[in-house]
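Read through the structure below, which is laid out as structure tokens, and then see the notes.
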Amino acid sequence: MEFLERLNPQQQQAVQAGEGPVLVLAGPGSGKTRVLTYRIAYIIGELGVRPYHILAVTFTNKAAQEMQHRVEQLLGPQAHGLTLGTFHATCARILRREAEHLPFTSSFVIYDADDQLTLVRQALDDLNLDPKRYTPQSVHAAISNAKNELALPDEFPLQNYRDEVVKRIYSRYQDLLAGSNGLDFDDLLLWTTRLMQEFPEVREKYARRFEHVLVDEFQDTNMAQYTLLKHLASFYRNIFVVGDTDQSIYAWRGADYRNVLRFERDFPDTQVILLEQNYRSTQSILDVAMAVIDRNPARKPKRLFTDRGQGEKILIHETYDDREEAAYVVETIARLVASQAAQPGDFAVMYRTNAQSRLLEEAFLHAGLPYKLVGAQRFYGRREIKDIIAYLRLVYNPEDEVSLLRVINVPARGIGEKTLALFRSLAQKSKSAPGRLLLELGRNNHSPHLEALPGRAVAAMAQFGSRLNTWCAQAEELAPLSLMDRILEEVDYRSYIDDGTDEGRERWENVMELRRLAGEYQERGLVTFLEDVALVSDQDTLETSANVPSLLTLHAAKGLEFANVFIVGLNDGLLPHARSFDDPEGMQEERRLFYVGITRAKDRLYLMTPLNRSAYGYSEPTVESRFLKDIPVELLEEVGLSRRRTRTSSPYRPDRWEPSLSHSQRLIEPQYSPGAKVFHPVWGEGMVLNSRLQDDDEIVDVFFAEVGLKRVAASLAKMERKI
DNA sequence: ATGGACAATGTTTTT
DNA sequence: CATTGTCCAT
């Protein structure tokens, strides 16, 4: 196969490894995705295995899509029929097919993190427990851990009194899930694994089907996932895993990098292949990365090397506070773009906590420069989006109590708390799901189980129930988009959410964005839509097309690469995070997180340390991150504060009341486009960064070599365009 | 039942 | 400080 020539000897060895277990330990930027895709191509093209018999699992949809795409590039249509997806999506598919063996039906809904907390709160309420003493978050973490260890409530490990209580909550939580025909994220893995464990004939079926199993980011697997993989590979034992223990950053989610060690123990005939050559970064960046990660005890030492040359030194920059830090980041990006040293899309800004994105966003907004932000929660966590999804989920599965309770009085239809409490207890007594009773009430205008409800409430509920009936009947033939349109129309959602304020308008625009998304599921249908929406990862929301800087957490950065990387907020307490101070394992993970961030950079790396940080509105002095002390000074270059003019160079103040023009109002055409060179009689030569039309004029952001960033109105400034 | 005013409380990372 | 929840008046 001629494409093998494009690989180095270690990569070739991995791709062409024979049958049996293979463990590839791949350093950052060592071409592990390439190895995985070539391996799949090799199995199909060279070993003659049909794609149907191959399973490849990843952790994000984005990674899965990328792999699918690259395999197709290598093989063309021959690649069709591969099973390639995330752990969770693959499990969901198996569970829908095998639901007959399990305590739920194939039309289960998937509950997200938010719904899970709602369920825990409900369980606490049902058991009359104090949510202050048993915070929903901590209880949920305990449940999640148990599920990762494949333990149902009966097998919940008990070590103290608190565990007894948590066990009862867990038990109630599972009952609530069962009553709603719902599964949470962890259930997807748990039930698939138990299915394989308890039904040998099912296990056999899948193990015989998947002649080859391939796994990406193996260090991120938890107990359930690892056990599942062993079942799936139990017949052929052709299991090919790729990972890097130094990039294990999800221990808090149950991931256990020691699965890499277990793998070698459980499959003693494993071929171990090391990929050390880095194709991404300059040697300076790799040297810094190694200096940081070498401090972690008990790891297999790995040398990272590249033939890309030494490259520039790593820039370390101290600012007065986090505001200035953000301003410096934005200005540096603008300067490098203006000098044509880089494109806007070549930049990424990484931080430890999501809250840190705010100042950065403000700085970009202030400079009028576009950016993109990684984070599914930002969109799917919004109230209006959750409402609409809940409506759709309810239609798909009327037993979904979480969704029912969410929307039964949204928009308000006079069904209040008291009515609902009574309704729920009546449903419990009649041993049927509240949604079922509601449907019955809608059909007959009467339900024998709901006699105790006051008349006014019954009328409101009957009307809603009747609508739900219609939607359910239509759901069969209607595509997700049309169904969503009907619901929006019939409940008059727009007038509920769009109250005329800016916020209301934005909320409605979000609904329209979801509508656009639903439009992509005309053929694939409601189930797939709901499933994809439930299982999006933050990384999946990163637009790859737009050529603008990315803002993202260090966690979300894994697997990505950028020419220029800023890591901001390098203070003790943030990175490493204060919550890990007293936990050695946690501190090691913080260090790996820093390592992941560093190794995303191809050419230039900026490490930023603000001297003060504002928390809760007050600015407080900070302590420099202890990790910085591990970097030898000769690898670093300090960038001074001297010639900065952020404060004076930007007279523009963003204004909330600034009118935005619709298409019809646009009377002029833009004259300046990003990248164009201009000459200004006073400010000299500059480069256009951004331009937009406003009030019959064109507002242009220009970076001038001599005076920095300026915002000018085209009609007033006597600028010349240069060629 | 609904909406407004005020208080408390919080910041880790996410499939 | 900025969001979220809780209480109270309508």
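Not measured: the values here are computed from a predicted model. Sequence lines set the chain letters: A, B, ... in the order given, protein chains first and strands last, and positions in each chain run from 1.
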For [N], does either OP1 or OP2 sit under 4.0 Å from a side-chain N or O belonging to [X]?
{"X": "A:N61", "N": "B:dT15", "value": "no"}
{"X": "A:N354", "N": "B:dT13", "value": "yes"}
{"X": "A:N222", "N": "B:dT15", "value": "no"}
{"X": "A:T419", "N": "B:dA1", "value": "yes"}

Looking at A:Y257, does the NZ or CZ of A:R592 lie under 6.0 angstrom from its six-membered ring centre and within 45 degrees of the ring axis?
yes

Is A:R626 close enough and on-axis enough to A:F581, meaning under 6.0 Å and within 45°, for cation-pi?
yes

Under-4.0 Å salt bridge between A:R507 and A:D387:
no

When you check the gap from the basic side-chain N to the acidic O, do A:R323 and A:D321 get nearer than 4.0 Å?
no

To the nearest Å, how far apart are [X] [atom1] and [N] [atom2]?
{"X": "A:D583", "N": "B:dT13", "atom1": "CG", "atom2": "C1'", "value": "14 Å"}
{"X": "A:L373", "N": "B:dT14", "atom1": "CG", "atom2": "P", "value": "11 Å"}
{"X": "A:F581", "N": "B:dT13", "atom1": "CZ", "atom2": "C1'", "value": "15 Å"}
{"X": "A:D184", "N": "B:dT14", "atom1": "CG", "atom2": "C1'", "value": "14 Å"}
{"X": "A:R579", "N": "B:dG10", "atom1": "CZ", "atom2": "C1'", "value": "10 Å"}
{"X": "A:Q65", "N": "B:dT15", "atom1": "CD", "atom2": "P", "value": "14 Å"}
{"X": "A:E590", "N": "B:dT13", "atom1": "CD", "atom2": "C1'", "value": "8 Å"}
{"X": "A:F59", "N": "B:dT15", "atom1": "CZ", "atom2": "P", "value": "11 Å"}

If you check the [X] side chain, which of [options] turns out closest?
{"X": "A:R253", "options": "B:dT2, B:dT13, B:dT14", "answer": "B:dT14"}
{"X": "A:H577", "options": "B:dT11, B:dT13, B:dT15", "answer": "B:dT11"}
{"X": "A:A412", "options": "B:dT11, B:dT2, B:dT15", "answer": "B:dT2"}
{"X": "A:T553", "options": "B:dT14, B:dT11, B:dT2", "answer": "B:dT14"}

C:dT4 and B:dT13: how far apart are their P atoms, nearest whole angstrom?
15 Å

Please figure out whether A:S580 or A:G416 has its closest DNA chain B nucleotide nearer the 5' end.
A:G416

Of A:I415 and A:Q116, the one whose closest nucleotide on DNA chain B sits nearer the 5' end is A:I415

Hey, what do you get for CZ (A:R494) to CZ (A:R505), rounding to the nearest 0.5 Å?
10.5 Å

Nearest 0.5 Å please: distance from the CZ atom of A:F240 over to the CG atom of A:L36.
6.0 Å

Plane angle bin for A:Y371 and A:F364 - parallel if under 30°, tilted between 30 and 60°, otherwise perpendicular:
tilted

Ring-on-base stacking between A:Y250 and B:dT14, under 5.5 Å between centres and under 30° between planes: is it there?
no

Closest non-hydrogen atoms of A:L373 and A:Y351, given as atom of the first, atom of the second and distance, are CD1-OH, 3.7 Å

Using a 4.0 Å heavy-atom cut-off, does A:R358 contact any base of the nucleic acid, only the sugar-phosphate backbone, or nothing at all?
sugar-phosphate

May I ask you to say what A:N409 touches in the nucleic acid, namely base, sugar-phosphate or nothing, with a heavy-atom cut-off under 4.0 Å?
sugar-phosphate

Footprint ends on DNA chain C, 5' to 3', for atoms under 4.0 angstrom from a heavy atom of chain A, come out as C:dC1 to C:dA2

